[in-house]
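Scroll down for the structure; my scribbles are underneath it.
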Amino acid sequence: MNEEKKAYDPKEAEARIYPEWEKSGLFNPDNHPKKDGKPFVILMPLPNVTGSLHMGHAFQITLTDALIRYRRLKGDTVAWLPGTDHAGIATQNVVEKELRKEGVSRFDLGREAFIARVWEWKEKYGGIIFGQLRTMGASCDWSRSRFTMDPAYAEAVMKAFVHYHEKGLLYRALRTVSWCVRCHTGISDLEVEHEEKDAVLYHIQYGPFVVATTRPETKFGDMALAVNPRDLRYADHIGKDVEIETLDTEGSLDEPRKKKDGLIVVGDEAADIAFGTGIIKVTPAHDIADYEISKRHSMPMLQVIDDRGKMMAVTGKYAGMKVAEARKKVVDDLRATGLLVKEEAYRHNVSVCSRCATPIEPLPSWQWFLKMGELAREAKDAVVTGKTRIIPENFQTTYFAWLENIRDWCVSRQLWWGHQLPVWFCENAQEEIRNSKKEIRNPNGDGRYVVALEKPGTCPFCKKCAMKRSEDVLDTWWSSALWPFAAMPEKDLERFYPSSVLITARDIINLWVGRMIFSGLEFKGAVPFPDVFIHATILTKDGRRMSKSLGTGIDPLTLVEKYGADALRFGIAWQAMGTQDVRWDETAVMAGKKFANKLWNAARFVAGRPGTGTAYDEAKLGSHDALVLQKLAAAKRAVEESLDKYEFGQAIHAAYDFFWKEYCDTYLEAAKAEPSSETDAVLRAVLRDSLMLLHPFMPFVTEAIWTDLPGTDGLLMGASW
RNA sequence: GCGCCCUUAGCUCAGUGGUAGAGCGUUUCAUUGACAUUGAAAAGGCCGAAGGUUCGAUCCCUUCAGGGCGCACCA
């Protein structure tokens, strides 16, 4: 320690110490002196390869590393397993955006070249976040890092697909699904978000009835009208055709005309007597609820909007218009022909793509679905029976709500970046479809395919074609669901599965945690972790969400630059009290910087005392000495108890209070007044233990002091609690 | 719409069935002595509102107000 340096210099220490830790090999449990302890394993929630460190990561890394370092000191065999997620849609979007700047689309490049481009991008930027995690002091076992598209990982992904297919849980179907016209893919229910927006509820004349709808432009795909069977106003019409007047799609855009048509009236509980006029126009191709009604009544469907969000040929003169434009025109024409009865201002939830916020366009398409019934039941049971605890408990509600209303998981995506499905189609069958007159939008719409890890040698259907691989890829969450075990060597699997606790954010409880739970049960016969700790979300000081697009984000790296990594970690842990959202307060980080300095200077004082090299004799202790030792023991207990309950804030408050008040302000001052060699020895011993108490939260400064403290050898991170 | 959570000092948050706590901020005093990134002290709160239970409530119950979140196929 440099005697002349009165202030702690985090930059110098951090730059020096992290490489020392890495060089020591202690991050890897196999090199750790305590490699035969009880395994303590944490799976890192996979950052996207598109990612760079944000406050959410910083929060999670701080808490996880605190626990990891604590358990390592306590003598467990600790493994914190890092990795990155290929993040299908997110990454594809980023690279497409980059291409757009060059004036090219992915279609200009073609699939192969585009994927090569994404890989290039991944190689260049995919590891950036790991460097940032190092800056934060994360003590991960980098030697065990995995990427969800590593060859071994890809193999596990493919095997899981084949497994579910053989078990009859995976099937292919033509369904109206949530579709993003911008990302150009179907997405799952969990990737749909709802935004409250102002809209207009149009009341439209349908023969003798009036129907209220927010989407008049889909009327060309109407297959029926639905009323509630208990609705006395309409009950007599159920099962009957009604003649209606509707817009004529022929002719010129300038001359709106009416024509006669017929629609059947069905009785269905989905129709809410109290809403609108109580009548639904059933448009199975463009509304998921309507699709479900259509299934119950065996109706056909007619697609009128295409996968780019444009009106299709069947809409005649409206063909080619974008949805918004078509809506406006259709409303004008309805008004001109007298079919528009009323317009009503209406505030409702609009479904948007969670990736790009584009309004969802429900469309019929061929997709693969994983049957959720049995898997969901098992996933629920795991939490009900306590095999996995969700902490805090009230997040169980989120989990159960999802599992109880769950629909089959749409796992296929019409993207290029991702795990291509191990599905092989008969080319001749596809050719037939292309030549047939039937309107089948997806050329994969034929049943002649094989699900297999390897491409079949001969086509079992036509015996001559080469067979063509499905162009779809898997939902990115399919591969992350396998994270607790995929591509893990057998030797590691024995020790590291199941892991000890998962520390993650609440927005992926269902997207990720739930899916890991049923995948773990399915493939390993055991839940992947006994505890799931859901940490708080960090908000801005005025209570808004931190978001890049709103410009409300705070960059943790800037804070590290300004105050040091320990200070940031301190500030985060200090505020991690309950699980209530945290309104970010930078003064806690400043307090952390001051505290690091306090530690540093206390150590300088102790180093300057003559008697610190020896052990103290308990018999010779004075009352101050005994008291500080007693307070230390209490603080130690408080830290242990708090960390065992994932109460990080409470833990660091206890350590802070002890060190600043009891040790520095009280004991150290008393030691100045009545110096003795026993006191010097106690000063040293208590400092040593304090460093250990604080190391999980402030690893750099404690390590820096430890190295120079008499009576310690090796690194603090490898020491014993 | 249903469900969950929050409301305590100027700010961000702890906390307990029985004189209210921390960090930061504010005020006063101390200064070459580990640290001014300091020490000592002080000011500052009818613990969101109204009822109820209780000998007693900031804490338990009910209702209300404000804020947040989750879920939902109201067209």
Side-chain angles (χ1 to χ4, degrees), chain A residues 1 3 5-8 176 178 189-190 192 194 199 201-204 211-216 218 225-226 228 270-283 286-293 346 348-349 351 362 392-405 407 506-507 509-510 536-537 539 541-545 563-564 567 570-571 574-609 647 649-650 652-654 656-657 660-661 664-665 668-669 671-672 683 687:
Chain A
M1 196 180 299
E3 290 297 333
K5 204 159 50 186
K6 286 187 162 190
Y8 171 61
T176 299
S178 296
D189 302 337
L190 290 179
V192 176
H194 305 277
L201 195 56
Y202 299 97
H203 292 246
I204 302 169
V211 171
T213 180
T214 53
R215 300 209 54 191
T218 64
L225 295 175
N228 193 297
D272 180 346
I273 298 174
F275 185 86
T277 58
I279 307 177
I280 304 176
K281 67 179 196 64
V282 183
T283 319
H286 298 292
D287 186 290
I288 292 168
D290 290 4
Y291 172 78
E292 283 168 6
I293 295 174
Y346 180 53
H348 72 150
N349 282 324
S351 300
E393 239 177 35
N394 52 304
F395 286 114
Q396 285 185 6
T397 319
T398 306
Y399 182 71
F400 291 147
W402 175 60
L403 290 170
E404 283 159 13
N405 302 310
R407 283 192 253 168
R506 63 159 174 260
D507 51 349
I509 292 176
N510 297 328
T537 303
L539 305 175
K541 186 131 182 175
D542 53 351
R544 288 185 299 160
R545 232 188 152 67
Y563 304 106
F570 176 96
W574 185 260
Q575 295 180 77
M577 293 307 293
T579 48
Q580 194 58 22
D581 289 349
V582 171
R583 291 190 179 207
W584 180 251
D585 186 0
E586 193 167 315
T587 63
V589 183
M590 298 178 201
K593 185 173 164 67
K594 290 208 287 194
F595 189 44
N597 192 58
K598 189 77 177 171
L599 275 163
W600 179 260
N601 279 299
R604 283 178 64 228
F605 175 79
V606 173
R609 304 286 290 194
E647 292 177 349
Q650 282 81 353
I652 197 166
H653 275 80
Y656 174 92
D657 286 347
W660 202 300
K661 299 197 170 117
C664 292
D665 291 350
L668 202 143
E669 291 304 324
K672 283 182 196 168
L683 271 173
L687 177 61

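Letters A, B, ... mirror the listed sequences (proteins, then strands); counts begin at 1.
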Check: If we take the P atom in both B:A41 and B:U16, what is their distance in whole Å?
Finding: 26 Å
Next item on the list: Would you mind classifying the nucleic acid contact of A:Leu668 as base, sugar-phosphate or nothing, using non-hydrogen atoms under 4.0 angstrom?
Entry: base
Margin query: Between C1' on B:C11 and CD on A:Gln575, what's the gap in Å once rounded to a whole number?
Written below: 11 Å
Checklist line | Atom CD of A:Glu404: over 12 foreign heavy atoms under 6.0 Å | finding: yes
Check: Reckon A:Ala588 touches a base, only the sugar-phosphate, or nothing at all at heavy-atom distances under 4.0 Å?
Finding: nothing
Checklist line | Pairwise 5' ranking along RNA chain B for A:Tyr8 and A:Ile288, keeping only the more 5' one | finding: A:Tyr8
Check: How would you label the contact of A:Arg215 with the nucleic acid (heavy atoms, under 4.0 Å): base, sugar-phosphate, or nothing?
Finding: nothing
Check: Does the side chain of A:Gln396 get closer than 4.0 angstrom to OP1 or OP2 of B:G70 through an N or O atom?
Finding: no
Notebook entry, point to check: Can a side chain N or O of A:Lys541 be found less than 4.0 Å away from OP1 or OP2 on B:G10?
Noted result: no
Notebook entry, point to check: What nucleic acid atoms does A:Gln650 come within less than 4.0 Å of, heavy atoms only: base, sugar-phosphate, or nothing?
Noted result: sugar-phosphate
Next item on the list: When you get a sec, tell me which of B:U37, B:G39, B:C35 is the closest nucleotide to the side chain of A:Trp660?
Entry: B:G39
Notebook entry, point to check: Given B:A75, is OP1 or OP2 found less than 4.0 Å from the side-chain N or O atoms of A:Tyr346?
Noted result: yes
Notebook entry, point to check: Is any side-chain nitrogen or oxygen of A:Lys594 closer than 4.0 Å to OP1 or OP2 of B:U38?
Noted result: yes
Next item on the list: Establish, with yes or no, whether the OP1 or OP2 oxygen of B:C73 is under 4.0 angstrom from a side-chain nitrogen or oxygen of A:Arg407.
Entry: yes
Note to self: Just to be sure I understand the rule, does A:Asp272 reach a base, reach only the sugar-phosphate, or reach nothing, if contact means heavy atoms closer than 4.0 Å?
What the structure shows: base
Item checked: Sugar-phosphate only, base, or nothing, as touched by A:Trp574 at under 4.0 Å among non-hydrogen atoms -> sugar-phosphate
Note to self: So A:His286 and A:Tyr291, do their side chains get closer than 4.5 Å, heavy atoms only?
What the structure shows: no
Margin query: Contact between A:Thr213 and A:Ile204 at the side-chain level, heavy atoms closer than 4.5 Å - yes or no?
Written below: yes
Next item on the list: To the nearest Å, give me how far apart CZ (A:Arg545) and P (B:G68) are.
Entry: 12 Å
Check: Is it true that A:Arg545 and A:Asp581 make a salt bridge, defined as a side-chain N closer than 4.0 Å to a carboxylate O?
Finding: no
Checklist line | Options B:C71, B:C73, B:G23, nucleotide nearest the side-chain atoms of A:Ala591 | finding: B:G23
Next item on the list: Ignoring backbone atoms, test whether A:Lys598 places a side-chain nitrogen or oxygen under 4.0 Å from the OP1 or OP2 oxygen of B:G39.
Entry: yes
Next item on the list: Have a look at A:Ala270 and say if it touches a base, only the backbone sugar-phosphate, or nothing, with a 4.0 Å heavy-atom cut-off.
Entry: base
Next item on the list: State, yes or no, whether a side-chain contact exists between A:Asp665 and A:Trp660 at a heavy-atom distance under 4.5 Å.
Entry: yes
Item checked: A:Lys6 side chain near B:C35 phosphate (N/O to OP1/OP2, under 4.0 Å) -> yes
Margin query: Regarding A:Gly564, tell me which of base, sugar-phosphate or nothing describes its non-hydrogen contacts under 4.0 Å with the strands shown.
Written below: nothing
Next item on the list: Under 4.0 Å between any heavy atoms, over every strand shown, what does A:Ile280 touch: base, sugar-phosphate, or nothing? Just pick one.
Entry: base
Next item on the list: Looking at every strand, decide which applies to A:Ala271 at a 4.0 Å heavy-atom threshold: base, sugar-phosphate, or nothing.
Entry: base
Check: With a non-hydrogen cut-off below 4.0 angstrom, is A:Asn349 in contact with a base, only sugar-phosphate, or nothing?
Finding: base
Item checked: Residue mapping more 5' on RNA chain B - nearest nucleotide basis, A:Gly543 or A:Cys664 -> A:Cys664
